[in-house]
There are 2 protein chains.
Amino acid sequence: MNPNDLNERKLQILQAIIADFLTTGEPVGSRSLSKSHDMGISPATIRNEMSDLEDMGYLTHPHTSAGRVPSDKAYRLYVDELMDTSELPEEDKQKIRSKLMESRNELDSTIEHAAELLSDMTNLTSFVLMPRKDESKLKYINFLPVDSNTVVLMIVAEDGQVMNRAIRLSVPYTEENLQLMSKVMTHNYRGKSISAVMAMDIIDSFTNDMQSLSGLAKDVVPSFLKTLEKMLNADLVMNGYSNIFSLPEFSTDMQKTQNFLKMLEDKSKLTDVIVNRDKGVMITIGDENSEDMKDLSLITADYRVNGELVGRLGVIGPTRMKYGKVTSVIKYISDNISQTFELKENNDVKDDSNNDGSADEQDS
Amino acid sequence: MNPNDLNERKLQILQAIIADFLTTGEPVGSRSLSKSHDMGISPATIRNEMSDLEDMGYLTHPHTSAGRVPSDKAYRLYVDELMDTSELPEEDKQKIRSKLMESRNELDSTIEHAAELLSDMTNLTSFVLMPRKDESKLKYINFLPVDSNTVVLMIVAEDGQVMNRAIRLSVPYTEENLQLMSKVMTHNYRGKSISAVMAMDIIDSFTNDMQSLSGLAKDVVPSFLKTLEKMLNADLVMNGYSNIFSLPEFSTDMQKTQNFLKMLEDKSKLTDVIVNRDKGVMITIGDENSEDMKDLSLITADYRVNGELVGRLGVIGPTRMKYGKVTSVIKYISDNISQTFELKENNDVKDDSNNDGSADEQDS
DNA sequence: GTTAGCACTCTCAACACATGAGTGCTAACA
DNA sequence: TGTTAGCACTCATGTGTTGAGAGTGCTAAC
């Protein structure tokens, strides 16, 4: 476990094996290794060292007469100690900066671009997790008439999150009803966090408050709760899932490809995994992941807006991935986003309870 | 081309071949056909007829000694004349109804459920196209403060469509500015269709109107236009893309699978194709589609809300699909949605220019 | 017009076989 | 004692062969 178990030469050999394997994907043998990396020792010696490394759990063997393949443990050592975390070439940096610049005043587009960059530059499947904030506070709740039996519920949070949903009513309504309901709900929930509101016994208190509207309320409250829930649920966006076809791991193994894509299709599960990771740059390799991702690796990083952690992005792919390069790209992109959206001034606009987002125009 | 070219027996044989091929996916030979469908003629006779059918373009041969496979032309004939469009079994109908019932007062969730049902019941990849309305009219435009350099732009259309987007400002703003801007823009664009507003020379007229805000306006207008554009762009949601792995067409042919998934990943192109199809139930088979879908078939249908066409749903899969069953499912689902969301009363709520969605509360 | 018979074609799976990359072990070497 | 050359052995992979099976097309008889 401790890299000190390994002498200098073993480390050097291990590193060489990993380097070769990362680029070719083929098990690497003693002979070809001694050719590609001149380290002044014969294949036989390399074989002896490889045998030791295998005993120590850093290498495995697909079958007797194949070369060696790094184990998850080897990748872990590589990531922690050996990998080249050198700077990204200026060309790549430039590409990232200019692409993110395109939409620098819009967080949503920037995030989309980031996901595209990430999958393009790593040739892996990338994902971006949009903000999820249990603690955002509600600002106002609004019902808009659409037609005689449809209204749109709109919920706005202080942090600018807006969520809306069309609701079909089973009872007739009047505009006055809607306005009253908007007013009461805004009054009741403004300034409270989403999770706090969800924990309240809404149906009871609401129908008590507004007996005149109880029919309407019955239609509306379940949708209101669902919409709040949706505001809490982080939105996972993925990109480049067909990149895996260019990797020999997948393009020669239909079963593996199928498993991978099935796994990606279960978004809620994947979202859970991503949400529950550590902050900062986190790399998990092979069996460090849950059972259904045990031959995949995941790299994630966070981005901040105004210094506050709001989202997470990363890639998923086979354990054989170029950890150094991928990590540099992820880091650079997430830093760049955070930097673009850093706080310019420190005084937030104070909340004015009269500004509830209404244009409030009086023309006619 | 005209089915009258084919006598009764040829039609019967063709239908039998298609039926067998649809279930097995294997080329069907004269001998096995005479066994599975007793039609009182010998394999030799069937062979003669098959040969004729091949000359007429209804069948092909993968190679000399293989059985026959229906051509796209045969599928077209099958879909137009031969296929069994019998009612869905009550069990399936029940399943559809109860699933759609779950969320009957919310269009969005209903649509999502519809897509899931569709892919589950057909074992194909389903998609749903959300409304796209060039002609929806704007109702109001609103800017909400988030922090010192971020505001949220919110656009609400009369039909209940709400779109919002966070905008990063490069200049400071005051709440008064935002309200003024909301007011002016709402005044300028209310009641106009999205496409009409996009066609206007917004930047000029806007900065003329509001010289005091020209700095703000420069930041805001491009995002405003982008957001309008986003409102026009139909949103395509897909489901069950990994279903294809259970089909022998794909699970034995990695290249085909890759092409299929790459094609699905280019959402804007696929959206275009779907948007530009005919109304009602439309089936396109193999080479009736564009080059990159020439060995796939597409079936789409529309759903209505309040009698008005608003969206489209369908499936995409190999030309070997159970057209009868799939069509019945799509029809039943789309009819069911349309029915659930049919107009209950006929009088739309008249637009009240004072109700612009503001909760407009006065408490403090 | 229909059918039986037959020669022919082509795919596919099974098998044998050679090749080559790679290992592990042993014995010699520095 | 660590390093290396040599060698026997293993195993995946590719290739060629072969036989079975499914199917066709043609011909001649019914």
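Treat the numbers as computed from the prediction; the structure is a model and nothing was measured. A note on names: the letters A, B, ... follow the listed sequences, proteins ahead of strands, and every chain is numbered from 1.
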_Intra- and inter-strand pairs of DNA chain D in dot-bracket (Watson-Crick or G-U wobble, both distances under 3.5 Å; | for another strand)_ = ||||||||||||||||||||||||||||||
_Taking A:Glu54 first and then A:Arg68, would you say they form a salt bridge - that is, a charged N and a carboxylate O separated by under 4.0 Å?_
yes
*Using the heavy-atom set of chain A and a strict 4.0 Å cut-off, write down the first and last nucleotide of DNA chain D that makes it in, 5' to 3'.*
D:dT3 to D:dA12
*Separation of A:His61 atom NE2 from C:dA21 atom P, in whole Å?*
16 Å
_DNA chain C: 5'-proximal contact among A:Val28 and B:Arg9 (nearest heavy atom)_ = B:Arg9
*Can you tell me the distance, in whole Å, between the CG atom of B:Asn48 and the C1' atom of C:dG1?*
10 Å
*asked:* Can you measure A:Arg31 atom CZ to C:dG22 atom P for me and round it to whole angstrom units?
replied: 9 Å
*Measure from CZ on A:Phe21 to P on C:dG22 and round the result to the nearest Å.*
13 Å
_Pair B:Asp120 + B:Lys95, salt bridge at N-O below 4.0 Å_ = no
*Does a side-chain heavy-atom distance below 4.5 Å link B:Leu77 with B:Ile18?*
no
*When the distance from CG of B:Asn7 to P of C:dG1 is rounded to whole Å, what number comes out?*
12 Å
*Is A:Asp38 reaching over with its side chain to a backbone N or O of A:Gly40, donor-acceptor style, under 3.5 angstrom?*
yes
*asked:* Is the ring pair B:Tyr323/B:Tyr78 parallel, tilted or perpendicular, if the boundaries are 30 and 60 degrees?
replied: perpendicular
*Verify, without hydrogens or angle tests, whether A:Arg312 (side chain) and A:Arg277 (backbone) share a donor-acceptor contact under 3.5 angstrom.*
yes
_Contact list for DNA chain D against residues 37-44 of chain B - heavy-atom distance below 4.0 Å_ = none
*Figure out the CG/P separation between A:Asp20 and C:dG22, and round it to whole Å.*
11 Å
*asked:* Just N and O in the side chain of B:Thr64: are any of them under 4.0 Å from OP1 or OP2 of C:dC10?
replied: yes
*Check whether any side-chain N or O of A:Thr257 sits under 3.5 Å from a backbone N or O of A:Phe250 as a donor-acceptor pair, and report yes or no.*
yes
_B:Arg47 or A:Gly29, whichever maps to the more 5' nucleotide of DNA chain C_ = B:Arg47
_Separation of C:dG1 C1' from B:Glu49 CD (nearest whole Å)_ = 10 Å
*Give a yes or no on whether the backbone of B:Leu53 and the side-chain of B:Lys10 come within a donor-acceptor separation of less than 3.5 Å.*
no
_Inter-residue atom distance A:Arg9.CZ - A:Gln12.CD, 0.5 Å rounding_ = 9.0 Å
_For the backbone of B:Ile46 and the side chain of B:Ser30, can you confirm whether one donor and one acceptor N or O come within less than 3.5 Å of each other?_
no
*asked:* Determine whether a donor-acceptor pair (N or O, by modelled atom type, separation under 3.5 Å) exists between the side chain of A:Thr319 and the backbone of A:Ile285.
replied: no
